[in-house]
There are 2 protein chains.
Amino acid sequence: MLGTPSRDRRAERREATRDEILEAAWEQVRTEGLGALSLRDLARRVGMQAPSLYSYFDSKHAIYDAMFAQGAQEFLELERALPVTGNELRDLQSGTRLFVTFCTADPARYQLLFQRTIPGFEPSPESYAISVEALQIVRDRLNEAGLTDPRDLDLLTAIGAGLSAQQVSNDPGGDRWTRLVDEAIEMFFEHVSERNRKGTRK
Amino acid sequence: MLGTPSRDRRAERREATRDEILEAAWEQVRTEGLGALSLRDLARRVGMQAPSLYSYFDSKHAIYDAMFAQGAQEFLELERALPVTGNELRDLQSGTRLFVTFCTADPARYQLLFQRTIPGFEPSPESYAISVEALQIVRDRLNEAGLTDPRDLDLLTAIGAGLSAQQVSNDPGGDRWTRLVDEAIEMFFEHVSERNRKGTRK
DNA sequence: GTCTATATTTGGATAGAC
DNA sequence: GTCTATCCAAATATAGAC
């Protein structure tokens with residue numbers, strides 16, 4: 001009898017083409033805007049006719065979903081690779097810098113992952129789980145710094161989200177808000193430290 | 001000779017119809033999403049055929065622009081009406097609460113005014129000027145509190161934007177982030193106060 | 001797996017009668 | 001100012017040949 005091949009060359013090629021399509025989709029949304037993804041243009045970019053895309057994705061939303069998963073995966077891996085020094089303030093700063101840099105480096109990706117802007121689209125549970133896992137890393141890091149109140153995490157993410165949002169919307173390509181990361185996190189850190197020292201919370 | 005009427009009833013009616021169209025447009029974007037505004041549907045909502053809208057607006061973008069102006073005007077008037085107590089911290093808190101409440105009360109409006117999400121649309125200079133004027137009020141208020149560094153304004157707006165963004169994206173209709181406004185502003189206020197007391201800035 | 005052809009819907013916008 | 005009729009372009013998606 002014939003054995004099962006250890007590599008499925010067909011599946012590999014299929015996966016490669018999927019990636020190629022997704023890469024072209026990223027190019028398109030970066031230049032035209034996230035909401036301006038069109039299957040015609042996308043197909044042309046990869047040298048196909050539009051219907052051929054349906055061999056790889058069930059729908060346009062499925063493409064958005066795969067992009068969401070890719071973006072979340074990128075962020076998750078960046079989070080995992082972030083070196084930790086043990087200096088709690090410095091680590092919070094570098095973590096937030098990572099987040100803000102990630103957001104501002106690709107506004108379309110930021111929009112897809114962190115804003116709800118495409119009518120009718122929401123990520124599949126599997127794709128969403130990746131971003132949840134990335135947030136869990138931040139939560140763990142915060143816990144290790146002694147900040148276990150869920151509200152601290154919410155405040156921290158709000159700071160990161162706000163700096164990113166302002167940077168992307170009002171000074172794209174600049175550093176008017178990104179340069180405030182270290183100060184903002186110092187502000188946050190001293191605030192929660194002081195509160196924990198007093199042992200009270202309003 | 002006939003005198004010029006003191007009221008132009010035709011112009012008044014026209015303005016009323018314009019407002020009616022805009023109100024229907026707001027309804028549509030609130031339910032379908034900001035990017036899902038369609039002239040056909042919009043016309044049907046006001047009992048017209050689509051081409052008739054062109055008697056009132058030159059294009060779809062012109063409708064978005066008028067909506068932008070309306071939203072900015074609403075916010076400007078809310079800012080102007082905000083009572084000021086003289087207690088700097090309390091005033092900053094109520095101002096930020098105003099902003100976050102405004103944003104979360106109508107996510108589509110928030111998206112139109114404060115995010116860049118519609119491909120190809122940007123507000124006209126006249127419409128944009130209204131939002132600039134609103135920001136100027138915040139700047140003045142900050143200056144009166146002794147915070148004259150432009151970076152302080154940027155940090156403050158980032159906090160407001162971040163709380164709003166997180167609230168809208170991750171807990172729509174809830175208060176998981178809006179309830180953090182007072183604490184966040186206290187954090188901000190103590191941070192800048194402390195810095196000014198020391199008289200240094202990194 | 002990719003194509004052509006096409007269905008179907010929808011979009012914004014214009015022309016011209018009334 | 002509003003309508004009908006229409007244009008033109010684009011959209012997603014499907015059917016079926018090769």
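Every chain is numbered from 1, with letters handed out A, B, ... down the list of sequences.
In this structure, A:Phe121 atom CZ and D:dT12 atom C1' are separated by 16 Å, rounded to whole Å. Atom pair B:Arg13:CZ and D:dT2:P shows a separation of 8 Å (rounding to whole Å applied). In this structure, A:Gln49 atom CD and C:dT6 atom P are separated by 14 Å, rounded to whole Å. One can place CD1 of B:Ile21 at 10 Å from P of D:dG1, the figure rounded to the nearest angstrom. Atom CD in B:Glu32 sits roughly 15 Å away from atom C1' in C:dG11 (whole-Å rounding). The separation between A:Leu42 atom CG and D:dA11 atom C1' is 13 Å, rounded to whole Å. We find that CZ of B:Arg18 is positioned 15 Å from C1' of D:dG1, with the value rounded to whole Å. Taking atom CD of residue A:Glu15 and atom P of nucleotide C:dG1, one finds them 11 Å apart after rounding to whole Å.
Looking at A:Arg40, its side chain has no donor and acceptor atom pair within 3.5 Å of the base of D:dA10.
Backbone-only contact: A:Ser59 has heavy atoms under 4.0 Å from sugar-phosphate atoms and none from a base. Backbone-only engagement by B:Leu37 is indicated by non-hydrogen atom pairs under 4.0 Å involving sugar-phosphate atoms exclusively. Counting any heavy atom pair closer than 4.0 Å across all strands shown, A:Ser55 reaches a base atom. Looking at heavy-atom distances under 4.0 Å, B:Tyr56 makes contact with sugar-phosphate atoms alone, never a base.
Of the charged side-chain nitrogens involved, at least one lies within less than 4.0 Å of a carboxylate oxygen, so that B:Glu194 and B:Arg197 count as a salt-bridged pair.
Of the candidates C:dA5, C:dT14, C:dG12, the closest approach to any side-chain atom of A:Pro51 belongs to C:dA5. The nucleotide whose nearest atom lies closest to any side-chain atom of A:Met48 is, among C:dA13, C:dT2, C:dA5, C:dT2. Closest to the side chain of A:Ser52, from the set D:dA13, C:dT2, D:dG1, is C:dT2. Counting only heavy atoms from C-beta on, B:Lys60 has its side chain closest to C:dG11 among D:dA13, D:dA11, C:dG11. When each of D:dA5, C:dG1, D:dG1 is scored by its nearest atom to the side-chain atoms of A:Arg10, the top-ranked nucleotide is C:dG1.
Using cut-offs of 30° and 60° on the angle between ring planes, the pair A:Phe121 and A:Tyr64 is tilted. Between B:Phe99 and B:Phe75, the angle of the ring planes goes over 60°, which puts this pair in the perpendicular group of the 30/60° scheme.
Two rings, from B:Phe68 and B:Phe114, have their centers 6.0 Å or more apart.
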For residues 131-140 of chain B, which side-chain N or O atoms pair as donor and acceptor with protein atoms under 3.5 Å away, sequence neighbours left out?
unit_1	atom_1	unit_2	atom_2	d
B:Ser131	OG	B:Tyr128	O	2.7
B:Glu133	OE2	B:Arg80	NH2	2.5
B:Gln136	OE1	B:Arg139	NH1	2.5
B:Gln136	NE2	B:Asp140	OD1	2.8

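For D:dA11, the OP1/OP2 oxygens have a side-chain nitrogen or oxygen of A:Ser38 closer than 4.0 Å.
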